[in-house]
Number of protein chains: 2
Amino acid sequence: MYVRLYIMSRKIMDTRTRILESAWKLLEAGQGQGVRMSDIAKAAGVSRQAVYLHFPNRAELLIATTRYLDEVNKTDERLAQSRGARTGEERLAAYIEAWGNYLPEIYGIAKALLAMKDTDKEAEIAWNNRMQAVRHGCEAAVKALKKDDMLAPGLSVTVATDILWTIMSVRSWEHFTMECGWSKKKYIERLKSMAHRMLVKS
Amino acid sequence: MYVRLYIMSRKIMDTRTRILESAWKLLEAGQGQGVRMSDIAKAAGVSRQAVYLHFPNRAELLIATTRYLDEVNKTDERLAQSRGARTGEERLAAYIEAWGNYLPEIYGIAKALLAMKDTDKEAEIAWNNRMQAVRHGCEAAVKALKKDDMLAPGLSVTVATDILWTIMSVRSWEHFTMECGWSKKKYIERLKSMAHRMLVKS
DNA sequence: CGTCAACTTTACATGATGTAAAGAAAAGGA
DNA sequence: TCCTTTTCTTTACATCATGTAAAGTTGACG
């Protein structure tokens with residue numbers, strides 16, 4: 001019985017994973033645009049209906065894909081590294097650096113979720129959850145600054161977090177890189193500088 | 001013949017305007033979400049098909065609505081007032097002020113166009129045109145700063161414009177007001193302060 | 001050999017956009 | 001008054017993606 005269950009779940013995982021992997025790659029390639037359920041199915045080598053055996057709808061497939069990406073990318077670890085910094089300023093810089101390197105990898109799926117957010121309740125909730133996590137990261141960096149007494153005067157922790165959170169948002173990244181043409185390197189460098197000028201006592 | 005043409009175009013304008021007005025109000029009320037062609041038609045008191053007699057498709061109706069809004073709101077005038085400022089810093093502040101008061105009025109239609117942008121070429125082009133106009137406004141403000149020799153060292157006009165343009169973008173406004181809960185007044189006040197800290201020599 | 005789960009295949013419902021075409025109604029011109 | 005043209009209505013239909021439903025196939029396991 002145990003053996004059978006094991007093999008069963010291995011098999012389920014296999015197809016399921018293939019679907020998730022296909023979704024990921026297609027979303028990455030298409031920058032989150034124009035990826036249909038049938039495309040994902042075809043790429044995974046299964047019928048369109050088989051996808052619905054594993055995921056109830058498109059929104060949940062996208063959400064599951066983000067979770068899968070988090071696992072594979074070890075997102076938490078990468079973003080948590082900044083916690084090791086000594087000073088608040090170092091921590092802020094490390095967080096921006098990690099985020100700047102991470103964001104391009106998840107942009108495809110992020111954009112697809114963002115588009116669903118407007119029409120799908122589930123997608124909105126899932127997206128908000130992820131963004132709240134980012135906000136917490138921003139808040140931690142701001143609090144580290146404050147602890148060093150390096151937070152710019154006239155800024156509350158909340159407002160400073162709001163600002164950092166917004167300039168680090170996916171939409172702002174999209175604007176800086178796609179509309180303004182900033183490279184990943186420039187993005188990281190300039191965001192650090194912007195955050196420093198805005199948030200750190202001079 | 002002239003008279004007839006005149007009366008004709010007056011009549012066309014009437015229904016046409018009613019459609020544009022309805023589109024505007026619905027988009028404003030629905031914050032750009034879930035507004036269908038049939039909703040607009042119903043609100044304008046015409047059949048859905050009649051809308052297609054005046055606008056070839058949804059994208060063009062949305063675009064025409066923005067143009068209509070610009071006319072009614074006298075957008076250019078309002079945004080151009082900042083040109084009267086004496087110093088670069090005043091000009092920057094005036095531009096942000098005008099923008100901060102203007103954006104909430106066009107957010108509904110802006111969001112609808114933004115959503116179409118991902119799938120519709122026409123919508124993308126129309127949107128990009130409008131945003132390039134905003135960019136020019138930002139660039140003018142930055143150049144005014146530079147003329148006063150008040151542009152922060154290490155910042156080129158281009159990069160400074162990129163930054164201002166991004167923090168003033170519709171997406172950033174959306175984030176500050178909807179996600180962070182900033183009021184219009186706070187938004188204007190804080191954006192001025194952010195722009196000042198980032199762009200102006202200290 | 002039979003069972004069960006995973007998967008395929010086919011068919012269909014939905015909901016929005018957009019096309020097509022025939023007919024009604026109103027308004028102007030002669 | 002009558003004719004013509006424009007505007008709008010009505011009805012019908014094509015399309016496209018999502019999602020539901022159900023019957024049939026396949027392969028592993030006991």
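Letters A, B, ... mirror the listed sequences (proteins, then strands); counts begin at 1. We use all heavy atoms of the structure for the numbers below, so side chains are in, but hydrogens, waters and symmetry mates are not.
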Out of D/dT20, C/dT17, D/dT9, whichever nucleotide has its closest atom nearest the side chain of A/Tyr52: D/dT20
Short side-chain N/O contact from B/Thr15 to OP1 or OP2 of D/dT7, under 4.0 Å: no
Do other residues, nucleotides or ligands put more than 12 heavy atoms under 6.0 Å from B/Lys25 NZ? no
What is the distance from CZ of A/Arg18 to C1' of C/dA6, rounded to the nearest Å? 11 Å
Does NZ belonging to B/Lys192 count more than 12 external heavy atoms closer than 6.0 Å? yes
Is a donor on one side and an acceptor on the other found under 3.5 Å between the side chain of B/Ser172 and the backbone of B/Thr166? yes
How many Å lie between CD on A/Glu122 and P on D/dT18, as a whole number? 15 Å
Between C1' of C/dT17 and CG of B/Asp120, the distance in whole Å: 12 Å
What is the distance, rounded to the nearest whole Å, between atom CZ of B/Arg48 and atom P of C/dA21? 17 Å
For B/Leu62 and C/dT17, what is the distance between atoms CG and P respectively, to the nearest whole Å? 10 Å
Taking the minimum atom-to-atom distance to the side chain of B/Ser47, which one of D/dT10, C/dT17, C/dG18 wins? D/dT10
When rounded to whole Å, the NZ to C1' distance for the pair B/Lys42 and D/dC8 reads 18 Å
Starting at atom CD of B/Gln49, determine the distance to atom C1' of C/dG23, rounded to an integer number of angstrom. 15 Å
Whole-Å distance separating the CG atom of A/Leu53 from the P atom of D/dA21: 13 Å
Under 3.5 Å: donor-acceptor pair, side chain of B/Arg197, backbone of A/Met198: yes
Under 4.0 angstrom between A/His54 side-chain N/O and C/dA6 OP1 or OP2: no
Look at the side chain of A/Val46 and decide which nucleotide, out of D/dG19, C/dT8, C/dT17, has an atom nearest to it. C/dT8
